[in-house]
Structure formats: C-alpha cells, structure tokens
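Working notes, structure below.
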Amino acid sequence: MPDDVAAEVRPPTPARRLPKAIPVESVVALIEAAGAVEGPRGLRDRALLELLYGTGARISEAVGLAVDDVDRAQATVRLAGKGGKERIVPVGSYALRAVEDYLVRARPELAGRSRGGVRGGALFLNVRGGPLSRQSAWQILRSAAERAGGPDGVVPDVSPHTLRHSFATHLLDGGADVRVVQELLGHASVTTTQVYTLVTVDRLREVYATSHPRALN
C-alpha cells in the first residue's frame, strides 16, 4: 500500500507498576531475623539491612561502600549512584549502631579470613574476607525473609529494592516532601519519585475514613 494506515495508531499506555513496599512491622521483623544468625554473619547481615532501609540505598550502592564512606561522627554515608553520581545521605541511629557493632565485633574476624588481605577497604565482607557481592547480599535478604515469615508469612516475597521502596513510602507517609525523598533516593527527576505518592493513596483513604464525619455509610 502507498500509505501506512497504521501510522497514527499508538499502543495503549501500559499500567504503571507501583513500587512494592512492606509495612514497618515487616521491615523490623526482617532486620531482626537477619541479626538472629550466630557469629559475625548475623552482625554483618543486620548492618546491611539496617543500612539499606535506613538510607534507601540501591543494593549495588550498599555493597560498593568502603569503610570510609560511612561518617559516623556526622551520621552520613556517601553513596555512588548511577552514572557515578555521588550523594550524601543521613543515616539513622539504628543503622549507625548496627554498622558500629559490625565494624567492631565482626568485620575484623571476616577480614582475617582473607588469604590475600582485604582489597579496597570494602565495608561489607563475605565469609572468606572478600567484598560482598550483589548476589550474596540478595541471598542474605531472602534468607532473612524466610526466617521472619514463619508459618504465617509475616514478611512476603521481598527483594533488595523492596527496602528502598519501603524507605521512600514510609518517608512520604510520615510527611516528607517528595523533593527531599528525590534527593535521598538519587533520582535525576522528581517525576521518578512521584510514583511513590501513588502508593500512599491507601494511607490517605484510611485517614479520610477515620477522620471525616461523613466518610462512612
């Protein structure tokens, strides 16, 4: 045919996938389960999950941290995001305490297992004393979720990004400005961050239902 009759046809806009977040109680159960492992691994795993949830870091950012990237005096961490862009993110007391416990009571033992010595001063080490990989960090989270879930499955299927989504969602639920959350997450555009505002609709509905005098039938 001389003309493309489908030239003006546009495919339907795909449904926007909302980020998957879990309740605060489930995050706490996950962290507690990670820390329940005996020995240095439990201290490391708890510190990793506390840091992921406490900063909203991507898993690649967390495993790429060096010891010097955590400023315990200033309560901040330096994260290297996509495209090599660095950002400074505040760290809460829970995560700082977990990292401190790991650095004092666990990391020296893990570092001592490395035959060639620890290279690059990586913060999180594996059981052989080398830098922790993304795959190993992912497995740490899955194992903690299995232990935390128990028979009633209190923590659903999760991934490292689930903690990042939960970090953003819980901040917005607590009244944080979306542009502040954008900076914390390292998003180039606030449009990317605004998807999290859709997640809080259930929270808005809940508050409306309990607060407005004519909300209920």
Side-chain angles (χ1 to χ4, degrees), residues 17-22 27 30-31 33-35 37 40-72 74-92 94-96 98-99 102-103 106-107 110-111 114 118-146 155-171 180-193 195-196 199:
R17 289 185 58 190
L18 296 181
K20 180 181 180 182
I22 57 178
V27 174
L30 195 63
I31 293 171
V37 177
R41 286 179 56 191
L43 292 169
R44 178 202 63 191
D45 296 355
R46 184 186 187 102
L48 174 64
L49 267 58
E50 285 278 19
L51 200 61
L52 284 170
Y53 177 63
T55 64
R58 301 176 180 91
I59 191 66
S60 58
E61 294 172 342
V63 298
L65 284 172
V67 173
D68 292 342
D69 288 330
V70 181
D71 189 333
R72 286 170 277 171
Q74 297 296 321
T76 60
V77 61
R78 182 173 61 244
L79 299 172
K82 293 182 177 179
K85 294 181 179 179
E86 290 189 351
R87 67 188 187 280
I88 305 297
V89 177
V91 185
Y94 285 85
L96 277 179
V99 170
Y102 161 68
L103 286 173
R107 190 180 182 278
L110 294 174
S114 175
V118 179
R119 298 183 301 276
L123 175 60
F124 293 110
L125 305 179
N126 59 32
V127 294
R128 295 179 299 280
L132 191 71
S133 67
R134 290 180 71 256
Q135 293 77 10
S136 295
W138 207 97
Q139 187 55 49
I140 287 169
L141 180 62
R142 293 303 302 271
S143 297
E146 290 175 4
V155 175
D157 184 34
V158 296
S159 71
H161 233 57
T162 305
L163 290 178
R164 180 170 162 87
H165 295 328
S166 301
F167 165 84
T169 302
H170 297 164
L171 277 173
V180 173
V181 178
Q182 174 197 354
E183 292 294 328
L184 292 172
L185 293 175
H187 287 161
S189 169
V190 72
T191 304
T192 308
T193 315
V195 68
Y196 290 102
V199 181

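Interatomic distance, OG of S166 versus CG of L171, reported as 11.0 Å (0.5 Å rounding). In this structure, the separation between CD on E61 and CZ on R134 is 11.0 Å, given to the nearest 0.5 Å. L163 contributes atom CG, which lies 9.0 Å from atom CG of L48 (distance to the nearest 0.5 angstrom). The CG atom of L132 lies 7.5 Å from the CD1 atom of I59; values are rounded to the nearest 0.5 Å. Separation of atoms OG1 (T76) and CZ (R87) is listed at 12.5 Å; rounding is to 0.5 Å. Note that the CG atom of D45 and the CD1 atom of I140 stand 4.0 Å from one another [nearest 0.5 Å].
The heavy-atom pair separating P90 from T55 by the smallest distance is O-CG2, 4.1 Å. The minimum heavy-atom distance between F167 and Y53, with the atom names listed, is CD1-O, 3.0 Å. Across L123 and R107, no two heavy atoms sit closer than the pair O-NE, 3.3 Å. The shortest non-hydrogen separation linking Y94 to E50 is CB-OE1, 3.7 Å. In plain terms, the two heavy atoms of A144 and L49 that are nearest each other are CB-CD2, 4.3 Å. Minimum heavy-atom separation, G56 to L185: O-CD2, 4.0 Å.
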| said: Set out, in order, the CA-CA distance, both residues' side-chain angles and the distance that settles side chain to side chain contact (heavy atoms under 4.5 Å, CB included) for R46 and Y102, then state yes or no. | reply: CA-CA 8 Å; R46 184 186 187 102; Y102 161 68; over 6 Å; no

| query | So L79 and L65, side chain to side chain contact (heavy atoms under 4.5 Å, CB included) or not? Walk me through it. | reply | CA-CA 7 Å; L79 299 172; L65 284 172; 3.9 Å; yes

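Looking only at side-chain heavy atoms (C-beta outward), R41 and V127 come within less than 4.5 Å of each other. Using a 4.5 Å cut-off on side-chain heavy atoms (C-beta onward), R58 and R164 make contact.
Judged by distance alone, with hydrogens and angles left aside, the side-chain atoms of H170 form a donor-acceptor pair with the main-chain N or O of I22 at under 3.5 Å. Between the side chain of R78 and the main chain of D71, no donor-acceptor pair closer than 3.5 Å is present. With hydrogens and angles ignored, the 3.5 Å screen pairs a side-chain donor or acceptor of R44 with a backbone N or O of L125.
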